[in-house]
Amino acid sequence: MKNQKETNRYDHIKIEKKWPHEKLSAVQNKGAGFSRGKQNIYNHLSIEKKWQALWSKGKVNKTTEAGNKPKCYVLDMFPYPSGDGLHVGHPRGYIATDVYARYKKMNGFNVLHPMGWDAFGLPAENYAIKNKISPDIAMKKNIKRFKSQLQMIGLNYDWEREVSTIDPKYFKWTQWIFLQLFKKGLAYESYAPINWCPSCKTGLANEDLDGDKCERCGTTIEKKPMRQWVLRIRDYADKLLEGLDNLSWPEHVKELQRNWIGRSEGAEIEFKLTPKNLNLKTIKVFTTRPDTLFGLSYVVLAPENSLVDELKPHINNWDKIENYRKEIKGKSEIDRTAEGKEKTGVELKGIKAINPVDSKEVPVFISDYVLANYGTGAVMAVPAHDDRDYAFAKKNNLPITEVIVPVRIDKRNPPVAGKKDVERRNVHVIVKNTKTGMYLGLKWKKFNWTTFPMGGVEEGETILEAAKRELFEETGYKNVKAGVVLGGQVRAEYFAAHKDQNRISYTNAVYFELINEEKEKINKEEDETHEVIWLTEKDIHSDIMTHAEMDIWLERLSGNIAYTGEGEMINSEQFNKRKSEEIVKGITEFAGGKMTTTYKLQNWVFSRQRYWGEPIPVIHCEKCGVVAVPEKDLPLKLPKVKFYEPSGTGESPLAKMDKWVNTKCPNCKGKAKRETNTMPQWAGSSWYYLRYMDPKNSKSLVDKKIEKYWAPVDMYVGGTEHATRHLIYARFWHKFLYDIGVVSTTEPFRQLRNQGMILGSDNRKMSKRWGNVVNPDEVVKNVGADTLRVYESFMGPFEQEIAWSTDSMIGSRRFLEKVWKLQNKVADKFIDDEDTIILLNKTIKKVGEDIESFNANTAISSMMIFANVLEGKEGISKNTYLAFIKILSPFAPHFCEEVWSAFGGKKMIVLESWPKYDEGKLKSSKSKIVVQVNGKVRATIEVESDAGQNIIEKNIASNEEVQKWLIGKDIKKIIFIKNKIINFVV
RNA sequence: GGGCGUGUGGCGGAAUUGGUCUACGCGCACGACUCAAAAUCGUGUGAGGAAACUCAUGUGGGUUCGAGUCCCACCACGCCCACCA
C-alpha cells in the first residue's frame, strides 16, 4: 500500500504558493536584458493565445492528400463529450499523439491527425431525461466545450475533418454499414434470452457487463427473452484471431482479445436417447476431451436448453424440472457461478442417453453448471476426469469410472536402459496422526529415499487390504480408521535399485488416520531395510519424498480427486494402453462425432431499447416480413419526441411515435412499421477512423482512392479499457468492409499504444465523487498549456497509471523558464565546446527515439540535462540553441514558436524540419573506464576513446586506488570491454 | 481457479537491455541575494560508520568475473477473464 498523501496545499490549483511567473516582474526589473524577444519575460497567457490564433490563421494543420510525402495517420480514440468537460487526465493521450504527430510532420511525413465525437449513448440520454432537454442540444453544447478545451492545450488537429457520430451525414453511413451486414445475412433477429438491465431498461451485450451488473448503473442484470438484432461477429472469430499476429500492439492487449474470443478445439458428440422406438431428438455435446468417453457417467443440459422443452412429453417429472428452472431464474449470475457452490440439478426421468462408444445407457440431467450459450449448451459428464462433473457425481451418487492413468517418470531414479522391465500393482499408504498432524514415512537405509509405507498388491487382495497389510508389516502400526482410496491408479516408471530392475508400477494411494500409536514389533528384515519416521505436512513434498507420483497424491489429499491431465488409457476397450492425447480423433470417429471448434465470443447483441442511438434501418412489413430501408432513404433520422424515457416493455420510446413508426413497405407498398430499436454506442465508433479520411463525402462512406492513400491507421492511442469492445467491434466491421470491397486493408490499426490513467493526487480515480478532479482550464491559466504538456509528458511511463501532483508540476515550469532565460547566453558567433556539441547531438538522437517509442518522460529528462549544462556555459551558439528549441517544440509548441520567431525564424517552427544529428559527434574523444576488482568498482579513469587494454593497464599501474586492491594478489583473469569496463579477477 | 503485469530513496521515476544502481524532477536541509519573505542561484541529500569501508533494487536460492536486468521458488499488490466442458 502506498501511503495516502495528505491533501496537498496545491491541489486543485488553489494557489497559496506563488508560481514563478507571478514574480516575473521582479526578474524584469533586474534587467534580464536579452534584446531579441519582443517581451523579455515568459508570459504564457499572451504567447499561447497568439500562436493558437496564428496556427489557425495559417491553417498549419490542414491536411490534404496532395504531394509525395509519405503518409502517417495518427489517431486518438475520440472522446464521449460528457457534461463535465475534460479533466486533467484526459489529455494525456492526446498530448502524446500531438507530440508524435508534430514530430512526424517535422520529419517529412504528411500527417493526418483528426478529432471527433462519440456522442450517442446512454449518459446523454439519461441527462436528457433528468433535465428535460433534448440530447441533441445537450451534446452539441458539450462538444463545443470539449473542443475549446482541446484547442486551449494547443493540440494540432485538422478541425476541418471533425466528425460526430450524431451528425445525420455521419450516421447515414453507420446505417449503411448495418444494411450491408443485413444483406449478407450477418445481422439477424433473435428471440433468445439476453442481458436485460431493469434500471436502464435496455438489453445489453455481454461486453457491456461488469460481472453480472450493468456497466453503466451497477444494477444486477436479468436474463430476459426478447426480440433483438444480433450481428454474427462469431463468423469472424478466426479472422479476428489470426489478424492479431501481425499487429504491432501491446502483447497484453492481443492476449486479452485472444482470451475474449476464446477459441477452443474439440469434438461434437451426438447422444441418441431412449426409448429408442420414439426416434427422439439427439443431444449434441461439445467436449475438448472425447478421449474420456468411456468414462461417461451422465449427460447434462443447460436448464435453458430448448431441447428440454421438446422432450417434455417424455419426461415423467416435469414439475420438478419446472421448479428447478424457476429457482435458477431467481438467482443472479454470480450466485449461480460462485466458486465452491454446490452443484445442483434434476434428472430428466423417463429418458436416457446412449453412449455411442459402448451403447451403455446413462441418465440425463439439467444443471446450472452447464452454460446455455457456450458450445451446444450440453455436456457429457466424466466425473473421474473433470472437477465439476466429479462434484456433481459425488453429490448425486453417480458412478465414477477412471479411464486415464496419469504417467510419471521418476526423475531421481529413472529407468535404466538394459535392465529388465517388471510391471507391478502397488499401493502407497499415507497415514496421518491427527493428534500431531504428522505423516508416517520410511527412511531407507541403503538408499537415499524417503517414502510412504508401500508395497505390492497381491493376487486376490483389495487395495485397502494390501494397504493395511503393508502398513503393519513395515511399521507395526495396526489401529487405523477405515481408509480412503485416493482416486485411480498412477503409472510410474523408475529403477528399483534394491531389486536391480526397472519397474512399471500402477499405484493407488490409500489414506488412513491413526486411531492410536499402539504397534507391534516388526520383523528384522523390514527393520534393517528402513527406519520409521514422522514427517510434517511441509515434508510431504516432491523435494523430500522419493515417489514420482507425489504431485498427484498432494492434489488428491487436498480434495482434487478428478485427474484432468493426459495419460494412458484404461477401461476403454480397444483404446487401452494408448496415450490419451493420441486417441482424440480416433475415438471421436468411433463415436460417430466430428472435430469442431467453439468460441467464448458471443454474437453481438446489437439493439438497444432506447432513444438516443442510430435507428436500425429496417421495416417490418405485414406481407414481406423484414425489409431493409432503401439506401436512398438514408439517413433515417430520429423523430423528435417529447419524452425520452424508455418504456421498459422492451420497446424503445420510438414505438410511441405513431407517425414515425407507421410507414409503407418499400417492396409491396403495403402497411408496415419501422423498427424501433436503436444501435448501441459502439456502432458509431466502429468505423469513425475511416470517415476522417474523407469526412464530407456524400456518395460513399470513404472514397476508395483516398482510403487507399491513408489506410491503415499508423498509430492509434487510447485506454486499455477498450481492448475487448471497441477494438474487437472495429476490427470486425473493418474486416467485413474489406470483404465487401470498401476498404483495402484487413486490419484498421497497425500500431496501438495504451495510455495509463492519471489518478487524483489521492491515488484514486479522478471523479466528482472523491473531489479530486483537477481542471485543465485552471492549470492552463496558471502555468500554461506548454507546462501542462511538458509535465504530462514527463510525469512517468506512458502506459502506467500515475497520480497527478500539482506540486511536481512546478519542475516543468522551471525547466521552460530556464530555457527561456538561456536566450541571454546566445551569441551568433559563439563557438560551443566539444562537450556541448556532443551532448546536443546525443540529445537530438535521444529525444527523437523517445518520441517514436512513446517514452516522452526520458525525452524531457534528457532535455533538462542539456538545459542544465547550457546554463553552466559562458555562451551558447545560435545554432545549438535553436536546434534545442526545435526538439523541444513538439512538447512546448507555443513557447518554442515564440522563441523561434524572436530569433528571426521565417517559417513557423511547426513547419520546420527536425534537426539531424551528426553520427560522428555522438562520442567524445575521452571516455570513462570503470575499474573493478572482483566485480566491485574501485575507481574510474579517463582515457582516450577506444584505448586498448594495455594502455588502460598501464594507466592503472600508477593508480593507487586500484593498486591497493591488487597488491599481493594473483590476477587470475582480466575482463575488458572497450570504453566501458575493466575487471580484475583475483 | 486461469491469463497478463508490477515491486528500485521521503515521493514520481532513470538505468545504454548483463557492465559505475538511484539519471531527471519533486520534496527537504544549508548557504547567497533581501530589512524580511517569495522567486532565483549555489551546495548537499539511499542506509550504517569518525574513517577505511560495508550493506542496499519485495524475500530466499542459483547462473556469471559482474545481476535491478537472466533462471528457480516464495511473498505482496494491480488488472482482465472466470462452472468455457
Side-chain angles (χ1 to χ4, degrees), chain A residues 1-3 5 17-27 30 32 211 250-256 258-260 262-264 266 285-289 292 300 336-341 343 367-371 373-382 385-389 391-392 543 560 564 598-600 720-721 723-724 791 794-797 799-805 807-812 814-815 817-818 821 846 855 857-858 860-865 867-868 871 928-940 964 972-975 977 980-986:
Chain A
M1 264 291 278
K2 305 221 161 142
N3 289 333
K5 268 197 191 165
K17 183 174 186 167
K18 293 286 185 189
W19 286 96
H21 75 275
E22 294 183 79
K23 284 289 158 185
L24 283 173
S25 54
V27 177
K30 271 196 202 164
E251 257 333 294
H252 73 272
V253 175
K254 292 206 238 175
E255 206 49 36
L256 233 46
R258 287 191 192 107
N259 289 342
W260 191 266
R263 182 191 155 100
S264 156
V285 307
F286 173 77
T287 177
T288 53
R289 296 301 298 273
T292 62
V300 203
R336 272 181 65 171
T337 59
E339 201 163 330
K341 195 216 114 192
K343 303 264 177 291
S367 170
D368 64 353
Y369 87 81
V370 175
L371 306 175
N373 48 18
Y374 181 74
T376 58
V379 163
M380 58 174 240
V382 183
H385 303 292
D386 182 282
D387 293 322
R388 295 151 299 179
D389 298 343
F392 190 86
D543 290 346
N560 299 325
T564 55
T598 191
Y599 305 89
K600 281 202 271 185
T720 333
E721 68 272 18
T724 50
Y791 174 61
F794 181 60
M795 58 195 307
E799 342 57 77
Q800 229 167 79
E801 63 175 24
I802 196 159
W804 177 264
S805 163
D807 242 5
S808 297
M809 192 166 56
I810 197 169
S812 302
R814 282 186 190 141
F815 164 62
E817 284 184 7
K818 189 178 282 183
K821 278 188 263 169
K846 171 113 182 102
N855 291 313
N857 55 331
T858 49
I860 301 287
S861 154
S862 65
M863 287 189 284
M864 284 172 168
I865 293 170
N868 290 345
E871 200 183 27
K928 275 184 184 167
I929 305 287
V930 174
V931 185
Q932 297 184 334
V933 178
N934 280 350
K936 292 212 164 140
V937 180
R938 296 305 180 187
T940 56
K964 192 164 78 183
K972 286 182 193 152
K973 201 172 166 188
I974 300 172
I975 285 122
I977 294 162
K980 268 187 184 163
I981 203 164
I982 184 159
N983 186 11
F984 296 90
V985 185
V986 297

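By convention in this document, chain letters (A, B, ...) are assigned in the order of the sequence lines, proteins followed by strands, and residues within each chain are numbered from 1.
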If the sugar-phosphate is the primed atoms plus P, OP1 and OP2 and the base is the rest, what is the B/S/- string for nucleotides 46-56 of chain B, using protein heavy atoms under 4.0 Å?
------SSSS-

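Taking atom P on both nucleotides, B:G18 is separated from B:C55 by 25 Å, rounded to a whole Å. Of the C1' atoms belonging to B:G25 and B:G31, the separation is 22 Å, rounded to the nearest Å. The gap from the C1' atom of B:U59 to that of B:G10 amounts to 23 Å, rounded to the nearest Å. One P atom belongs to B:G58, the other to B:U54, and the distance between them is 22 Å to the nearest Å. Straight-line distance between the P atoms of B:A36 and B:G44: roughly 26 Å, to the nearest whole Å.
Judged by atom type and distance alone, A:K343 reaches the base of B:C83 through a side-chain donor-acceptor pair under 3.5 Å.
For A:D389, there are no salt bridge (charged side-chain N to carboxylate O under 4.0 Å, His left out) partners, not counting sequence neighbours. Residues satisfying the salt bridge (charged side-chain N to carboxylate O under 4.0 Å, His left out) criterion with A:K928, sequence neighbours excluded, are absent altogether. Residues forming a side chain to side chain donor-acceptor pair (under 3.5 Å) with A:N934 (at least two apart in sequence, or on another chain): none. Considering only residues two or more places apart in sequence or on other chains, A:E721 meets the salt bridge (charged side-chain N to carboxylate O under 4.0 Å, His left out) condition with none of them. Contacts of A:K600 classified as salt bridge (charged side-chain N to carboxylate O under 4.0 Å, His left out), with partners at least two apart in sequence or in another chain: none. Residues passing the ring-ring contact (aromatic ring centres under 6.0 Å, His included) test with A:Y791, sequence neighbours excluded: A:W804. Partners of A:N857 according to the side chain to side chain donor-acceptor pair (under 3.5 Å) rule, which considers only residues two or more places apart in sequence or in another chain, do not exist here. With sequence neighbours left out, A:T858 forms a side chain to side chain donor-acceptor pair (under 3.5 Å) with A:D850. With sequence neighbours excluded, no residue satisfies side chain to side chain donor-acceptor pair (under 3.5 Å) with A:N259.
Summarising the geometry, the separation between CG on A:N868 and P on B:G25 is reported as 5 Å, rounded to the nearest angstrom. One can place CZ of A:F286 at 15 Å from C1' of B:C83, the figure rounded to the nearest angstrom.
Here the closest heavy-atom approach between residue A:T724 and residue A:L256 is recorded as CG2-O, 4.0 Å.
In RNA chain B, the stems built from three or more successive Watson-Crick or G-U pairs (distances below 3.5 Å) are B:1-7 with B:75-81, B:10-12 with B:24-26, B:27-32 with B:40-45, B:46-48 with B:53-55, B:58-62 with B:70-74.
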Anything under 3.5 Å between a protein N or O and an N or O of nucleotides 19-23 of chain B, put it in a table, one pair a line.
unit_1, atom_1, unit_2, atom_2, d
B:G19, N2, A:Q932, OE1, 3.1

